[in-house]
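Read the structure below first, then the notes.
Quick caveat, the model's predicted, so the values are computed rather than measured. When a ligand or atom number is given, it counts from 1 through the structure's own listing order.
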Amino acid sequence: MIDAEKVLNFLKDRRTIRRFEDKEIPDDAIKMILESGRWTPSASNKQPWEFIVIKSKEILRNLWDSKAVFSPSFKKAPLAIAIVGKIDENPNWYETDTILASMNMMLMAWALNLGTCWIGSMNRKKSKEILNLGENDFVLTILPIGYIKGKIPNPPPRKEMSQISREIN
Ligand SMILES: Cc1cc2nc3c(=O)[nH]c(=O)nc-3n(C[C@H](O)[C@H](O)[C@H](O)COP(=O)(O)O)c2cc1C
């Protein structure tokens with residue numbers, strides 16, 4: 001059985017990581033991250049997604065240079081995974097489903113001592129061109145992944161529980 005307290009601490013300890021070591025990530029670790037995406041729940045179990053592992057330095061550089069992705073965290077990432085929604089496989093839910101998959105994958109990366117950063121600062125159209133994707137593809141995000149360089153950042157503060165939660169009796 002998994003200890004719930006440990007799970008909560010794991011969730012609290014995960015941090016967005018923006019600086020990465022220049023160190024290759026083993027294929028086994030990549031596989032685990034992909035598996036955690038594969039087992040994400042999805043509306044009607046349609047699984048409207050594709051996960052594209054980008055190892056090519058040239059494409060990583062191109063995504064950065066062309067400002068398809070403009071978070072500095074991306075610049076030195078040794079690897080990235082594009083999380084792509086397949087629009088026609090579930091037009092109403094592909095975005096929600098891929099968002100959930102991205103969270104599963106970030107958590108698995110953290111369990112493997114790898115850091116990630118959910119990137120919203122991006123030009124989806126440009127990234128689609130660079131990744132050679134089609135009309136039916138929606139690039140939710142491209143997660144840079146790597147071993148953590150330097151100190152793990154302090155946790156950004158969270159709102160108080162009383163601000164975000166209430167009971168209806
Ligand atoms: C939808 C979304 C978009 C984000 N976009 C960016 C981004 O473009 N660049 C960046 O550096 N961090 C980005 N972040 C990371 C957040 O800044 C980070 O999750 C937040 O500050 C809380 O920090 P924590 O993840 O360490 O708890 C994004 C996070 C989410 C969930």
[X] side-chain N/O to [Y] backbone N/O, donor-acceptor pair under 3.5 Å:
X	Y	result
K128	G134	yes
R158	P155	no
S42	Q47	yes
R124	M122	no

Pick from [options]: the one approaching [atom] most closely through a non-hydrogen atom:
atom	options	result
atom 24 (P) of ligand 1	D13, T16, N154	T16
atom 13 (C) of ligand 1	F74, W118, F70	W118
atom 8 (O) of ligand 1	S121, S71, P144	S121

Test your reading of the structure: does R14 have an N or O sitting under 3.5 Å from an N or O of ligand 1?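 Yes; at least one N/O pair falls below 3.5 Å.
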
I want to know if ligand 1 touches P156 in the polar sense, i.e. an N/O pair below 3.5 angstrom.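 There is no such contact.
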
Considering only heavy atoms of [X], which atoms of ligand 1 have at least one such atom less than 4.0 Å away?
X	value
G120	3 (C), 4 (C), 5 (N), 6 (C), 7 (C), 8 (O)
C117	10 (C), 11 (O), 12 (N)
R15	24 (P), 26 (O), 27 (O)

Determine, counting only non-hydrogen atoms of the protein, whether one lies under 4.0 angstrom from atom 20 (C) of ligand 1. no

So, does M106 sit close enough to ligand 1 that a heavy atom of it is under 4.0 Å from the ligand?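 Per 4.0 Å heavy-atom rule, M106 does not contact ligand 1.
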
Do I142 and I54 have side chains that approach each other closer than 4.5 Å (heavy atoms only, starting at C-beta)?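 Yes, at least one pair of side-chain atoms sits under 4.5 Å.
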
What residue and heavy atom of the protein are closest to atom 22 (C) of ligand 1, and at what distance?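 In this structure, atom 22 (C) of ligand 1 has R158 NH1, 3.7 Å as its nearest protein heavy atom.
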
Among protein heavy atoms, which sits nearest to atom 11 (O) of ligand 1, and what does the distance come to when rounded to 0.1 Å?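 Here the nearest protein heavy atom works out to R18 NE, 2.7 Å.
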
Electrostatic pair K46:D97 at N-O distance under 4.0 angstrom: no

Can the ring centroids of F138 and Y94 be said to lie less than 6.0 angstrom from one another? yes

Do W118 and S102 meet the criterion of a side-chain donor-acceptor pair at a distance under 3.5 Å? yes

